[in-house]
Amino acid sequence: MLDLQSGKPSSSAGIRFLELLEKDEMAFDNLYCVAFQMMDAQWLAKRASYMEFNDVLKSTRAQLERELKLEDVSCVQDLPAYNLLHR
């Protein structure tokens, strides 16, 4: 999703994430935790089985991409889904 293996991401989410990473060396760790919690929340909300894994993964990716594009996000902690870590 972030296209980090290329060295220079071409996706808007990847470019935005690198900007966040420049400001905070823990950005990757925090984003990983947010993504995992987001996926878990969607999994439970959809009452998904393993057969819906790809659908949940796609919707998690789409939500993360939307949140990374928000103008008022200057660090991972600003993502709306960051609140999932504190429940």
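Residues take their numbers from the sequence shown, with the count starting at 1.
Asn30 is not listed as a side-chain neighbour of Leu20, based on a closest heavy-atom distance of 4.5 Å or more. For the pair Leu84/Asp40, no side-chain contact is recorded, criterion being any heavy-atom separation below 4.5 Å from C-beta on. A heavy-atom distance below 4.5 Å is found between the side chains of Val76 and Val34.
Across Leu64 and Ala35, no two heavy atoms sit closer than the pair CD1-CB, 3.5 Å. Minimum heavy-atom separation, Cys33 to Leu85: O-CD2, 3.6 Å.
Going from atom CE of Met38 over to atom CZ of Phe36 covers 13.0 Å, rounded to the nearest 0.5 Å. Going from atom CD1 of Ile15 over to atom CG of Leu68 covers 12.0 Å, rounded to the nearest 0.5 Å. Interatomic distance, Met26 CE to Gln77 CD, rounded to the nearest 0.5 Å: 9.5 Å.
Open room surrounds NZ on Lys8; 12 or fewer heavy atoms of other groups in view lie less than 6.0 Å from it. For Lys58, the NZ atom is loosely surrounded, since the number of other residues' heavy atoms within 6.0 Å does not exceed 12.
Checking each of Arg61, Lys69, Gln63 against Glu65 for a side-chain hydrogen bond (donor to acceptor under 3.5 Å, both in side chains) leaves exactly one that passes, namely Arg61.
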Step-by-step side-chain contact (heavy atoms from CB on, under 4.5 Å) determination, Leu70 to Asp78: CA-CA 9 Å; Leu70 295 173; Asp78 291 339; over 6 Å; no
Just do the side-chain contact (heavy atoms from CB on, under 4.5 Å) check on Cys75 and Lys23 with the steps written out, would you? CA-CA 8 Å; Cys75 63; Lys23 298 175 187 175; over 6 Å; no
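With hydrogens and angles ignored, the 3.5 Å screen pairs no side-chain donor or acceptor of Gln42 with any backbone N or O of Met39.
No continuous path of hydrophobic side-chain contacts links Tyr32 to Trp43 [ILVMFWY only; heavy atoms under 4.5 Å].
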